[in-house]
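Here is the structure we will look at, set down as structure tokens.
Computed from a predicted structure; not experimentally measured.
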Amino acid sequence: MALGKFYGIGVGPGDPGLLTLKAAAVLRRVAVIFAATGANSRECVSGSVVEALDGCRARRETLVFAMAPAMADRRRAWQENAARVAAALEAGDDCAFVTIGDPLLYSTYTYLLREVRRRLPAVAVETIPGITSFQALAAANNLPLAEDRETMTVIPAWTESCLADPLLAAADTLVLLKTYRRRDAILAALREHGFADQGCLYASRLGLPDERQARGYEAIAAEPESYLSLIIARRRPAAGEPGVAAEETVDDQL
Ligand SMILES: C[S@@+](CC[C@H](N)C(=O)[O-])C[C@H]1O[C@@H](n2cnc3c(N)ncnc32)[C@H](O)[C@@H]1O
């Protein structure tokens with residue numbers, strides 16, 4: 001029997017309105033949709049975006065991924081989940097794995113894909129990009145992520161080494177993902193490296209009913225902890241940002 005096709009689909013940060021037309025078309029066509037949860041929370045944001053899509057008749061399956069620090073546990077979860085996906089593909093079913101944001105950015109999809117390919121080297125794969133959490137936060141605030149010669153750095157901020165000086169010293173815009181548990185250290189590092197108070201934006205659970213947003217060091221520090229949270233920090237606020245006089249921004253290189 002011919003193998004099914006494997007799709008990795010980014011469904012955006014949580015608002016079903018940010019699902020692309022291409023993703024929706026594939027989700028309505030495939031036979032099986034796999035969505036990921038963590039072993040602890042069991043919340044499945046990508047699965048709830050799919051639930052909001054009408055005309056989707058696929059069988060739904062949830063894959064539990066260990067977020068454990070031990071690599072052996074994580075690898076075991078990738079292998080077990082890949083075995084389930086491979087079994088459906090071998091049965092000839094087209095399968096989609098849905099993931100929040102974009103599938104190629106800090107996503108379980110890339111680990112799963114490697115394992116699926118190891119088991120089924122001949123499988124056809126298509127990755128469909130998704131809108132990332134930081135694109136959605138920038139858009140919600142009409143905030144330019146980078147202009148002209150500015151650089152942007154994306155950091156998974158959950159370890160100390162991720163806040164290394166050279167990274168923070170060089171970027172005009174920083175995107176800090178996984179800001180839970182280390183928010184105070186992150187804010188202290190941003191202050192130390194001169195990121196503008198009003199250039200710091202925080203959001204948790206963006207696009208979900210309990211979304212929260214905050215701007216500025218003090219307001220961000222007061223926010224409750226959330227796994228689904230991020231910070232965008234601009235060294236200089238962009239022209240036209242709230243509380244910023246035009247002369248405070250550097251806009252003379254265009
Ligand atoms: C495993 S990474 C997934 C990144 C995702 N693939 C993307 O493209 O945005 C999880 C991190 O993404 C960020 N994130 C994803 N969705 C979010 C949301 N709805 N609200 C806030 N942060 C979100 C948070 O920083 C979270 O800790």
Side-chain angles (χ1 to χ4, degrees), residues 1-39 41-65 67 77-120 122-140 177 203 205-211 227-228 230:
M1 173 172 303
L3 289 175
K5 184 170 176 179
F6 185 42
Y7 295 90
I9 301 186
V11 299
D15 172 1
L18 294 182
L19 191 69
T20 65
L21 290 175
K22 188 164 188 172
V26 172
L27 289 168
R28 290 189 176 114
R29 204 167 63 223
V30 292
V32 190
I33 297 174
F34 293 94
T37 62
S41 102
R42 296 283 168 142
E43 182 183 31
C44 185
V45 173
S46 57
S48 56
V49 174
V50 174
E51 291 311 316
L53 181 69
D54 53 18
C56 193
R57 290 180 303 278
R59 185 174 88 236
R60 318 291 162 91
E61 291 199 27
T62 303
L63 302 179
V64 180
F65 285 87
M67 300 298 171
W78 303 333
Q79 286 167 354
E80 285 168 7
N81 289 325
R84 284 177 60 187
V85 174
L89 292 166
E90 282 178 308
D93 289 335
D94 286 344
C95 298
F97 176 74
V98 288
T99 180
I100 51 171
D102 183 81
L104 298 176
L105 184 80
Y106 302 121
S107 171
T108 43
Y109 170 63
T110 54
Y111 304 104
L112 185 69
L113 177 58
R114 262 179 225 130
E115 279 300 321
V116 168
R117 275 189 159 147
R118 204 176 54 78
R119 284 163 189 271
L120 303 174
V123 71
V125 177
E126 185 173 341
T127 302
I128 297 179
I131 292 170
T132 65
S133 47
F134 60 85
Q135 289 173 298
L137 178 58
L177 301 177
R205 303 184 61 79
L206 203 57
L208 301 169
D210 52 350
E211 166 182 329
Y227 167 71
L228 278 184
L230 76 155

Carboxylate-amine/guanidinium proximity below 4.0 Å for [X] and [Y]:
X: Glu51; Y: Arg60; value: yes
X: Glu115; Y: Arg117; value: no
X: Arg205; Y: Asp210; value: yes

Taking the side chain as every heavy atom from C-beta outward, state whether [X] and [Y] have any atom pair closer than 4.5 Å.
X: Phe6; Y: Leu113; result: yes
X: Pro16; Y: Leu53; result: no
X: Val98; Y: Tyr109; result: no
X: Leu105; Y: Thr110; result: no

Determine the minimum heavy-atom distance between [X] and [Y], stating which atoms define it.
X: Arg59; Y: Ala88; value: NH2-CB, 4.4 Å
X: Ile131; Y: Ala136; value: CG2-N, 4.3 Å
X: Ala77; Y: Val64; value: CB-O, 4.1 Å
X: Val123; Y: Gly4; value: CG2-O, 3.6 Å
X: Cys56; Y: Val50; value: SG-CG1, 4.0 Å
X: Gly17; Y: Asp15; value: N-OD1, 2.7 Å

Fill in: With sequence neighbours excluded, residues passing side-chain hydrogen bond (donor to acceptor under 3.5 Å, both in side chains) with Ser107
Thr99
Discussion item. Around atom OH of Tyr106, are there more than 12 heavy atoms from other residues, nucleotides or ligands closer than 6.0 Å?
Written reply: yes
Reported [atom1]-to-[atom2] distance for the pair [X] and [Y], which is rounded to 0.5 angstrom:
X: Leu18; Y: Ser133; atom1: CG; atom2: OG; value: 11.0 Å
X: Gln135; Y: Asp102; atom1: CD; atom2: CG; value: 8.0 Å
X: Ile100; Y: Thr132; atom1: CD1; atom2: OG1; value: 10.5 Å
X: Asp94; Y: Leu89; atom1: CG; atom2: CG; value: 8.0 Å
X: Ser48; Y: Glu43; atom1: OG; atom2: CD; value: 7.0 Å
X: Tyr111; Y: Asn81; atom1: OH; atom2: CG; value: 14.0 Å

Item to complete: Walk me through it: do Phe65 and Leu112 pass the test side chain to side chain contact (heavy atoms under 4.5 Å, CB included)?
Response: CA-CA 10 Å; Phe65 285 87; Leu112 185 69; 4.2 Å; yes
N/O donor-acceptor pairs under 3.5 Å from side chains in residues 25-36, not counting sequence neighbours:
residue: Arg28; atom: NE; partner: Asp54; partner atom: O; Å: 2.8
residue: Arg28; atom: NH2; partner: Asp54; partner atom: O; Å: 3.3
residue: Arg28; atom: NH2; partner: Asp54; partner atom: OD1; Å: 3.0
residue: Arg29; atom: NH2; partner: Tyr7; partner atom: OH; Å: 3.2

Discussion item. Pair Leu63, Arg84 - check side chain to side chain contact (heavy atoms under 4.5 Å, CB included), show working.
Written reply: CA-CA 9 Å; Leu63 302 179; Arg84 284 177 60 187; 3.7 Å; yes
Worksheet entry | Derivation and outcome, side chain to side chain contact (heavy atoms under 4.5 Å, CB included), residues Leu228 and Leu208 | CA-CA 10 Å; Leu228 278 184; Leu208 301 169; 4.0 Å; yes
Worksheet item: How far apart are the C-alpha atoms of Arg119 and Glu90, what are their side-chain angles, what is the distance that settles it, and do they pass the side chain to side chain contact (heavy atoms under 4.5 Å, CB included) test?
Response: CA-CA 10 Å; Arg119 284 163 189 271; Glu90 282 178 308; over 6 Å; no
